[in-house]
Amino acid sequence: MTTPHATLHVELGTRRYPILIGHHILSDQLIALLQQSLPHHGRNILVMSNPTVAAHYMEPVLQALQKADKDYRVQHVLIPDGESYKNLATYSDVMDVLVKHRFDRDCVIIALGGGVVGDLAGFVAATWQRGVQCVQIPTTLLAQVDSSVGGKTAVNHPGGKNLIGAFHQPAAVLIDTDVLTTLPQRELGAGIAEVIKYGVMADAAFFQWLQKNIQRLLDKDAEALAYAIHTSCAIKARVVAADETEQGQRALLNLGHTFGHAIEAATQYTSWLHGEAVATGMVMAARLSCLRGFIGTTYRDAIIELIAQAQLPIAPPAAMDIDTWLDLMSRDKKVKDGTMRFILPTGPGAAGIFSNVTQAELTAVITESVTRS
Ligand SMILES: NC(=O)c1ccc[n+]([C@@H]2O[C@H](COP(=O)([O-])OP(=O)(O)OC[C@H]3O[C@@H](n4cnc5c(N)ncnc54)[C@H](O)[C@@H]3O)[C@@H](O)[C@H]2O)c1
Ligand SMILES: [Zn+2]
């Protein structure tokens, strides 16, 4: 295989960029792809990663950069592995590296890792000298289908997740499905939750495909993964192109996230992975939607069944009481003018944004989710 399976584009006018999806990208094609994405000689390049990912994939990337152009001045920096390091202290350490090596406005930041590395590298690129180019090489399924595309960059503050950030679109996203072979199974599952999200919110045919092929994804079948990543990225690219800064329909990508973020916060971002919380959040959104009469019980149960088949959790922690739920959901970043907004499925492949959900409805859904699941 010498060409990527597919190239998608995020259509943003002069900031249009490619998403390349294939296998053997890091081993065979990186040189050509980097030359296409980074046309100028003599550039400073910083590759950001963490020790876990670097152990597997840093060497091929550095070698490709050397072979691509002897003039590239390449540095690399490893940030500690973990969400708790996606903060201003790590950001500042990376800035020190850029200062030390006199990186200029022509430099390029390459993010090699999951969403933590990607969000931090993106924020570094957004702010270094008021914005430099960033190339995303996502290595988790979640990063491949979600965080590497769309230009949301951020670090956490002790007061909340992703509170400090910027919109800054990458110059290119290079997705090598081969890297998923080393991804822990639980992280794969968390990515599958976001894949299911795209089927529920935007693509009924894809939802049906997932019903038939979920086991192939769990088994890391390369062809099935490539198809799921491609379909997910195509949906995300379309939504981002239509609503880059989330004034409207981009919010649909947060299906399951209002409930999910509350679960993550209640469990101190430790015991649940983001994708696992989103999976349960989607179950709760489906239940709420059914309660409101938007979808019937058959489709509601199909959503719950698919999430269960993906070996993702379908019940929230029983210990969360209703006051905790309401408190945490009302603190969510997606709250507008004091009202909570819920993204609810309204039919196969369709979802809507609703801000008139009552406390009684929420209580009913939370109770039902704990007891029925
Ligand atoms: N910017 C966005 O639009 C957006 C969207 C969704 C999530 N996010 C952010 O993404 C982050 C979560 O990202 P994540 O789920 O990728 O987690 P992560 O980056 O923490 O990666 C998960 C784990 O997998 C390891 N890993 C990564 N690739 C690997 C590989 N190929 N082989 C073996 N191990 C590998 C990592 O070292 C880490 O331990 C959160 O900070 C979240 O806020 C951002
Ligand atoms: Zn998410």
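All ligand and atom numbering here is 1-based and tracks the order in the structure. The shown structure was predicted, so the numbers you read here are calculated from the model rather than taken from an experiment.
Salt bridge annotation for R250-D243: absent, with no cationic side-chain nitrogen under 4.0 angstrom from a carboxylate oxygen.
Between F294 and F354, the ring planes lie parallel to each other; the angle is under 30°, not in the 30° to 60° tilted range. Using cut-offs of 30° and 60° for the angle between ring planes, the F103 and H101 rings count as perpendicular. Ring pair F259/W325 is perpendicular by interplanar angle, where above 60° counts as perpendicular and below 30° as parallel.
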Worksheet entry | Chi angles and distances behind the side chain to side chain donor-acceptor pair (under 3.5 Å) call for Q169, Y17 | CA-CA 8 Å; Q169 299 293 340; Y17 60 91; 2.6 Å; yes
Worksheet item: Would T324 and D327 satisfy side chain to side chain donor-acceptor pair (under 3.5 Å), going step by step from the backbone distance to the final call?
Response: CA-CA 5 Å; T324 308; D327 176 44; over 6 Å; no
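The hydrophobic clustering, which links ILVMFWY residues whose side-chain heavy atoms are closer than 4.5 Å, places Y91 and I79 together.
Of all protein N/O/S atoms, those under 2.8 Å from the Zn ion (ligand 2) are E194 OE2, H257 NE2, H274 NE2, and waters are not counted.
Within 6.0 Å of the CD atom in Q211, the count of heavy atoms belonging to other residues, nucleotides or ligands exceeds 12. A 6.0 Å sphere centred on CD of Q359 holds no more than 12 heavy atoms belonging to other residues, nucleotides or ligands.
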Report all N/O contacts between ligand 1 and the protein shorter than 3.5 Å as a table of atom names and distances to 0.1 Å; if there are none, say 'none'.
unit_1: ligand 1; atom_1: 1 (N); unit_2: D119; atom_2: OD1; d: 3.0
unit_1: ligand 1; atom_1: 1 (N); unit_2: K152; atom_2: O; d: 2.9
unit_1: ligand 1; atom_1: 13 (O); unit_2: G115; atom_2: N; d: 3.1
unit_1: ligand 1; atom_1: 16 (O); unit_2: G115; atom_2: N; d: 2.7
unit_1: ligand 1; atom_1: 16 (O); unit_2: T140; atom_2: OG1; d: 2.6
unit_1: ligand 1; atom_1: 19 (O); unit_2: G115; atom_2: N; d: 3.1
unit_1: ligand 1; atom_1: 19 (O); unit_2: V116; atom_2: N; d: 3.0
unit_1: ligand 1; atom_1: 28 (N); unit_2: T139; atom_2: O; d: 3.2
unit_1: ligand 1; atom_1: 28 (N); unit_2: T139; atom_2: OG1; d: 2.7
unit_1: ligand 1; atom_1: 31 (N); unit_2: T139; atom_2: O; d: 3.0
unit_1: ligand 1; atom_1: 31 (N); unit_2: V179; atom_2: O; d: 3.0
unit_1: ligand 1; atom_1: 31 (N); unit_2: T182; atom_2: OG1; d: 3.4
unit_1: ligand 1; atom_1: 32 (N); unit_2: T182; atom_2: O; d: 3.3
unit_1: ligand 1; atom_1: 32 (N); unit_2: T182; atom_2: OG1; d: 2.7
unit_1: ligand 1; atom_1: 37 (O); unit_2: N50; atom_2: ND2; d: 3.0
unit_1: ligand 1; atom_1: 37 (O); unit_2: D81; atom_2: OD1; d: 3.2
unit_1: ligand 1; atom_1: 37 (O); unit_2: D81; atom_2: OD2; d: 2.9
unit_1: ligand 1; atom_1: 39 (O); unit_2: D81; atom_2: OD1; d: 3.0
unit_1: ligand 1; atom_1: 39 (O); unit_2: D81; atom_2: OD2; d: 2.9
unit_1: ligand 1; atom_1: 41 (O); unit_2: E83; atom_2: OE1; d: 2.6
unit_1: ligand 1; atom_1: 41 (O); unit_2: E83; atom_2: OE2; d: 3.2
unit_1: ligand 1; atom_1: 41 (O); unit_2: K86; atom_2: NZ; d: 2.8
unit_1: ligand 1; atom_1: 43 (O); unit_2: K86; atom_2: NZ; d: 3.1
unit_1: ligand 1; atom_1: 43 (O); unit_2: K161; atom_2: NZ; d: 3.2
unit_1: ligand 1; atom_1: 43 (O); unit_2: N162; atom_2: ND2; d: 3.4

